[in-house]
Amino acid sequence: MEFPKLPPHSGSVLSVVDMHTGGEPLRIILSGYPEVKGDTILAKRRYVREHLDHLRKLLMFEPRGHYDMYGALLVKSELAEADLGVLFMHNEGYSTMCGHAVIALGRFAVDYGLIKEPTSPETQINIHCPCGLVKAFTQYSNGKTGAVRFHSVPAFAFATDVSVSVPGYGSVTVDISYGGALYAFVSAEKFGLDVSKSKTRDLVDAATAVSDAVKSQVKLYHPVSEDLAFLYGTILTDGKDAFCEEPTANVCVFADAQVDRSPTGSGVTARIALQYHKGLIGLNQTRNFKSGATGSVFTGKAIEETMCGDFRAVVVEVTGHAHYSGVASFTQENDDPLSGGFLLR
């Protein structure tokens, strides 16, 4: 049976490619968005938040998406060395960095011809994210793409052993680290939980309580831009922070209690920066990071020391695999009262 045409609709058609990285979805928007104005990537992020947020809800929320959907909008970059610019979106708004999306975009950019002359065994793609320029390297052989690794922006431990008062749990000690976004880190054991075995709802409740506490009790800042000085989420870990050959598991709860199905690329970046700061891992020591949600694995390692303002930082390399799950053209009808999107919590 053929489906030769779009259904009755009004307004523009939003065309997307859907992928996932370690189980975490990425909806890449191909067409249908108006021009995104702004002289810089951060200005464009502010513009979509202030003027085009109805389209984020249209694509991320039900009935076209779901509570934990994630998206990427390709935009022009002001950097000459960038192959593409990207804005990230989720259930709450717009993030500054997304490692699982960078991994997916590394394949997408080659497969969809954004890189005119891909090279073997690996093709470099410079992706301008709101946090800065991220270099991705996509395996490419005989016309096929494979695993993708990326080099992060400078990542650093923002603060360690910070005590916050968490309602229902008392005083909890957390670490805060930056990997393109700021995260709080705490062992799930402190809440009597296991990142691989406990119910997702229990993990979400604990992580959300920590995030709320940090946001209200800790003053955050970033040396590059105030746009980067916010807590993106809390990552619950298995407590295995010292380097070892066995995978270490974690679950990231970000934005509005959204659960990352992957090991979280920017979270792995931040976690390695934290471990390096504490002397628990050295340069070029590769660790496996497992998602407590799906069991999918990213690898990560600190590859060089650098600075970010006054913070001693590292560049982190993260590697993972992304896969395609489909393509779609989304439409609206004028008489549909739910067309703009809704969420069930």
Side-chain angles (χ1 to χ4, degrees), residues 2-3 14-32 59 69-77 79 81-89 97-129 133-153 180 247 260-269 284 286-291 293-301 303 315-330:
E2 292 186 12
F3 298 93
L14 289 158
S15 297
V16 304
V17 171
D18 279 359
M19 302 182 71
H20 77 90
T21 309
E24 179 67 1
L26 184 69
R27 176 160 287 168
I28 303 168
I29 303 158
L30 297 180
S31 63
L59 288 171
M69 180 53 87
Y70 205 98
L73 175 64
L74 303 185
V75 296
K76 292 180 180 178
S77 167
L79 301 180
E81 63 267 40
D83 294 302
L84 63 141
V86 61
L87 302 177
F88 305 117
M89 62 184 71
M97 173 57 188
C98 179
H100 93 270
V102 166
I103 291 168
L105 288 168
R107 282 198 71 193
F108 172 85
V110 176
D111 291 333
Y112 275 73
L114 275 63
I115 305 300
K116 299 304 180 186
E117 297 182 4
T119 57
S120 294
E122 204 172 52
T123 297
Q124 179 174 336
I125 305 102
N126 293 336
I127 302 174
H128 190 191
C129 305
L133 191 70
V134 175
K135 296 178 180 179
F137 304 86
T138 302
Q139 288 181 357
Y140 182 73
S141 179
N142 298 319
K144 294 184 178 180
T145 51
V148 178
R149 60 188 179 95
F150 70 82
H151 291 172
S152 73
V153 295
D260 196 334
R261 275 72 169 155
S262 80
T264 311
S266 56
V268 167
T269 301
N284 294 308
T286 300
R287 289 205 75 179
N288 292 321
F289 294 82
K290 184 173 71 172
S291 165
T294 64
S296 59
V297 175
F298 290 169
T299 62
K301 61 182 178 181
I303 59 173
V315 174
V316 176
E317 180 179 289
V318 178
T319 304
H321 289 82
H323 296 89
Y324 293 96
S325 48
V327 297
S329 296
F330 291 111

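Predicted, not measured: the structure shown is a model, and the values here were computed from it.
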### Task
Determine yes or no for a side-chain-to-main-chain donor-acceptor pair under 3.5 angstrom, with His100 supplying the side chain and Pro25 the backbone.
yes
### Message
Test your reading of the model: is there a side-chain donor-acceptor pair from Ser15 to the backbone of Ser31, 3.5 Å cut-off?
### Response
no
### Query
So, do Ser266 and Cys98 sit near enough that their side-chain heavy atoms are less than 4.5 Å apart?
no
### Message
Please report the interatomic distance CG(Leu84) to SG(Cys129), rounded to the nearest 0.5 Å.
### Response
8.0 Å
### Message
Are Val134 and Val153 packed together at the side-chain level, in the sense that at least one heavy-atom pair is separated by less than 4.5 angstrom?
### Response
yes
### Query
Are the side chain of Arg27 and the backbone N or O of Leu59 linked by a donor-acceptor pair below 3.5 Å?
yes
### Message
Below 30° counts as parallel, above 60° as perpendicular, anything between as tilted: where do the rings of Tyr70 and Phe88 land?
### Response
tilted
### Query
Given side chains that start at C-beta, do those of Met97 and Val102 come closer than 4.5 Å, heavy atoms only?
yes
### Query
Quick one: does Ser120's side chain have a donor or acceptor within less than 3.5 Å of a partner on Glu122's backbone?
no
### Message
Within the structure provided, determine whether Leu105 and Ile125 are in side-chain contact (heavy-atom separation under 4.5 Å).
### Response
no
### Message
As a quick check of understanding, evaluate side chain to side chain contact (heavy atoms under 4.5 Å, CB included) for Asn284 and Ile303, giving each step before the final call.
### Response
CA-CA 5 Å; Asn284 294 308; Ile303 59 173; 3.8 Å; yes
### Task
Just do the side chain to side chain contact (heavy atoms under 4.5 Å, CB included) check on Thr294 and Ser262 with the steps written out, would you?
CA-CA 7 Å; Thr294 64; Ser262 80; over 6 Å; no
### Any Tyr324 side-chain heavy atom under 4.5 Å of Asp111 side chain
yes
### Message
Counting C-beta onward and ignoring hydrogens, is there a side-chain heavy-atom pair between Leu114 and Asp83 closer than 4.5 Å?
### Response
no
### Summary
The reported gap from CD in Gln139 to OG1 in Thr145 (rounded to nearest 0.5 angstrom) is 9.5 Å
### Task
Decide yes or no for Val17 and Tyr112: does some side-chain heavy atom of the first lie under 4.5 Å from some side-chain heavy atom of the second?
yes
### Query
What are the two closest heavy atoms between Ala104 and Leu26, and how far apart are they?
CB-CD2, 3.6 Å
### Phe150 side chain reached by Ile127 side chain, heavy atoms, under 4.5 Å
no
### Message
Would the distance check show the side chain of Ser291 and the main-chain N or O of Arg261 forming a donor-acceptor pair, the cut-off being under 3.5 Å?
### Response
yes
### Query
Do you know the tightest heavy-atom contact between Arg149 and Thr319?
CB-OG1, 3.2 Å
#### Entry: Smallest separation among heavy atoms of Pro263 and Ser296, with atom names
CG-O, 3.3 Å
### Query
Would you find a donor on one side and an acceptor on the other, under 3.5 Å apart, between the side chain of Thr269 and the backbone of Val316?
no
### Task
Hey, could you give me the NZ/CZ distance between Lys144 and Arg107, rounded to the nearest 0.5 Å?
10.0 Å
### Message
With rounding to the nearest 0.5 angstrom, report the OH to OG1 distance, Tyr140 to Thr123.
### Response
7.0 Å
### Query
Closest heavy-atom contact between Val148 and Ala136?
CG1-CB, 4.2 Å
### Pairwise distance CE(Met19) to OG(Ser325) - rounded to 0.5 angstrom
8.0 Å
### Summary
For Val268 and Val318 the tightest heavy-atom approach is CG1-CG2, 4.0 Å
### Message
Show the nearest heavy-atom pair for residues Asn126 and Glu81, with the distance to one decimal.
### Response
ND2-O, 2.9 Å
### Message
Quick check for you: to the nearest 0.5 Å, what is the distance between Gln124 atom CD and Thr138 atom OG1?
### Response
10.0 Å
